[in-house]
Student: 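Structure incoming, see below.
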Amino acid sequence: MPVLTRRDILKTSGALAVGPTLLMLAGCQQPEPESQQSEAAPVEQNESEEKKEEKTEGTKMKIEYLEIVTPEADALCEVYTKLHGVKFSEPNPSFGGARTCDFEGGGMIGIRGPMRPTEEPVIRPYVLTEDIDAAIKAAAEGGGEVAMPPTEIPGQGKFAIYILGGIECGLWQN
């Protein structure tokens with residue numbers, strides 16, 4: 001009997017909504033309501049967090065800039081403002097006319113319109129790196145196509161873009 005995987009579902013471009021009962025049958029568990037949690041739960045949670053830290057130490061990534069390109073930039077900024085109670089800047093020429101807003105804990109989001117008629121809507125994360133030249137070289141050696149070599153934004157840092165598997169990926173160095 002063939003096994004249906006998440007990848008199979010995604011390939012069909014379909015979405016599957018499942019209820020709590022089906023999730024439990026699939027081996028997923030819902031969190032217990034706080035009133036039903038035992039006194040031992042916080043200890044288990046702390047141990048779990050410690051194990052998670054050990055497991056991910058040295059493999060953490062930080063998104064320094066999240067760029068959203070859309071022909072509806074002003075409308076999206078307005079929705080984010082209403083939903084999240086944030087305030088976006090005026091269009092910033094250093095960021096291609098993006099309206100920006102800081103993330104809690106550092107980094108920022110920028111929402112802008114396309115800069116040329118052929119630019120498609122995209123959400124592009126820029127991952128922080130200590131050596132952007134070495135990072136873009138490694139991306140190219142790994143099969144990525146360099147779409148934008150390391151480029152300085154005065155007073156902000158350097159960015160670069162590569163495309164791998166049809167996904168646009170950004171790099172950022174402060």
Side-chain angles (χ1 to χ4, degrees), residues 6-7 9-18 30-31 34 45 48-49 52-53 55-174:
R6 180 174 172 264
R7 185 170 299 217
I9 293 168
L10 292 174
K11 282 181 185 176
T12 64
S13 299
L16 177 63
V18 294
Q30 282 188 300
E34 286 184 35
Q45 185 177 9
S48 175
E49 288 173 10
K52 184 177 178 184
E53 278 187 35
K55 187 176 180 180
T56 60
E57 191 171 325
T59 61
K60 295 179 183 177
M61 297 169 49
K62 180 176 187 286
I63 295 178
E64 184 67 13
Y65 183 61
L66 182 65
E67 181 176 43
I68 299 176
V69 178
T70 173
E72 303 292 333
D74 289 337
L76 187 57
C77 287
E78 189 175 314
V79 168
Y80 277 19
T81 296
K82 287 179 183 175
L83 289 176
H84 305 290
V86 296
K87 182 175 173 149
F88 283 85
S89 70
E90 291 299 315
N92 184 336
S94 294
F95 289 89
R99 296 176 59 197
T100 62
C101 178
D102 291 337
F103 284 131
E104 187 174 325
M108 73 175 121
I109 184 172
I111 301 175
R112 66 172 175 81
M115 293 173 57
R116 61 186 189 287
T118 58
E119 187 173 25
E120 295 288 324
V122 67
I123 297 174
R124 183 184 302 122
Y126 289 79
V127 178
L128 190 62
T129 182
E130 290 185 22
D131 185 345
I132 199 165
D133 294 311
I136 198 73
K137 181 179 178 189
E141 289 171 354
E145 173 191 343
V146 177
M148 177 67 83
T151 304
E152 185 157 351
I153 298 177
Q156 301 293 324
K158 288 182 178 180
F159 78 97
I161 300 170
Y162 65 95
I163 302 169
L164 184 60
I167 303 297
E168 294 189 22
C169 306
L171 298 168
W172 195 279
Q173 179 181 331
N174 287 327

Student: Drop me the distance from Cys101's SG to Ile109's CD1, to the nearest 0.5 angstrom.
Tutor: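 So the gap between those two atoms works out to 7.5 Å.
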Student: Please give me the minimum heavy-atom distance between Ile132 and Ala160, naming the atom from each residue.
Tutor: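 Heavy-atom minimum between the residues: CD1-N, 3.7 Å.
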Student: With a 3.5 Å distance limit and no angle check, can you tell me whether Thr81 reaches the backbone of Val79 through a side-chain donor-acceptor pair?
Tutor: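 Side chain of Thr81 to backbone of Val79: no pair is present.
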Student: Please check if atom NZ in Lys137 has more than 12 non-hydrogen atoms from other residues, nucleotides or ligands closer than 6.0 Å.
Tutor: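 No, not enclosed.
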Student: With rounding to the nearest 0.5 Å, note down the distance linking OG1 in Thr129 to CG in Leu171.
Tutor: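 One finds 6.5 Å between OG1 of Thr129 and CG of Leu171.
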Student: I'd like to know if the side chain of Ser89 reaches the main chain of Thr100, judged simply by a donor and an acceptor atom lying under 3.5 Å from each other, with no hydrogens or angles considered.
Tutor: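 Present.
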Student: Parallel under 30°, tilted from 30 to 60°, perpendicular over 60°: which one fits the rings of Tyr126 and Tyr65?
Tutor: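 Geometry flag for Tyr65 against Tyr126: tilted rings.
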Student: I need the minimum non-hydrogen distance between Ala73 and Gly113, along with the two atoms involved.
Tutor: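 Distance-wise, the nearest heavy atoms are CB-N, 3.8 Å.
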Student: Do you know the tightest heavy-atom contact between Leu128 and Gln173?
Tutor: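 Scanning both residues completely, I find the closest heavy atoms to be CD1-CA, 4.5 Å.
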Student: Say whether, by atom type as modelled, one donor and one acceptor occur between the side chain of Arg112 and the main chain of Val69 under 3.5 angstrom.
Tutor: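 Here the side-chain-to-backbone pair does not exist.
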Student: Kindly give the heavy-atom pair with the smallest separation between Val146 and Ile136, and that separation in Å.
Tutor: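 Smallest heavy-atom distance, with atoms named: CG2-CG1, 3.8 Å.
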Student: For Glu119 and Met115, indicate whether the former's side chain and the latter's backbone hold a donor-acceptor pair under 3.5 Å.
Tutor: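 Indeed, once roles are kept as given, a pair shorter than 3.5 Å links the two residues.
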Student: When you look at Leu66 and Phe103, which way does the side chain to side chain contact (heavy atoms under 4.5 Å, CB included) test go after all the steps?
Tutor: CA-CA 10 Å; Leu66 182 65; Phe103 284 131; 4.0 Å; yes
Student: Crowded around Leu164 CG? As in, over 12 foreign heavy atoms under 6.0 Å?
Tutor: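 More than 12 within 6.0 Å, yes.
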Student: Can you see which heavy atom on Phe88 is nearest to which on Arg99, and at what distance?
Tutor: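 Smallest heavy-atom distance, with atoms named: CD2-O, 3.5 Å.
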Student: Measure the spacing between CG of Asn174 and NZ of Lys158 and express it to the nearest 0.5 Å.
Tutor: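 Interatomic distance, Asn174 CG to Lys158 NZ, rounded to 0.5 Å: 12.0 Å.
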Student: When you look at Glu145 and Tyr162, which way does the side-chain hydrogen bond (donor to acceptor under 3.5 Å, both in side chains) test go after all the steps?
Tutor: CA-CA 5 Å; Glu145 173 191 343; Tyr162 65 95; over 6 Å; no
Student: Run the side chain to side chain contact (heavy atoms under 4.5 Å, CB included) test on Ile153 and Phe159 for me, step by step, so that the C-alpha distance in whole Å, both residues' side-chain angles and the decisive distance to 0.1 Å come before the verdict.
Tutor: CA-CA 8 Å; Ile153 298 177; Phe159 78 97; 3.8 Å; yes
Student: Nearest 0.5 angstrom please: Ser94 OG to Glu152 CD, how far?
Tutor: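 The distance works out to 11.0 Å.
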Student: What is the minimum heavy-atom distance between Gln156 and Met108, and which atoms define it?
Tutor: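 Smallest interatomic distance, heavy atoms only, reads OE1-CE, 3.9 Å.
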Student: Tell me if the CD1 atom of Ile123 is crowded by more than 12 foreign heavy atoms within 6.0 Å.
Tutor: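 No, because the 6.0 Å sphere around CD1 of Ile123 holds 12 heavy atoms or fewer from other groups.
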Student: Does any part of the side chain of Pro125, heavy atoms only, come nearer than 4.5 Å to the side chain of Cys169, both counted from C-beta?
Tutor: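 When only atoms from C-beta onward are counted, Pro125 and Cys169 do not touch, as no gap falls below 4.5 Å.
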Student: Less than 4.0 angstrom from a charged side-chain N to a carboxylate O is my criterion; do Glu168 and Arg124 meet it?
Tutor: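 Judged by the 4.0 Å cut-off on N to carboxylate O distance, Glu168 and Arg124 do form a salt bridge.
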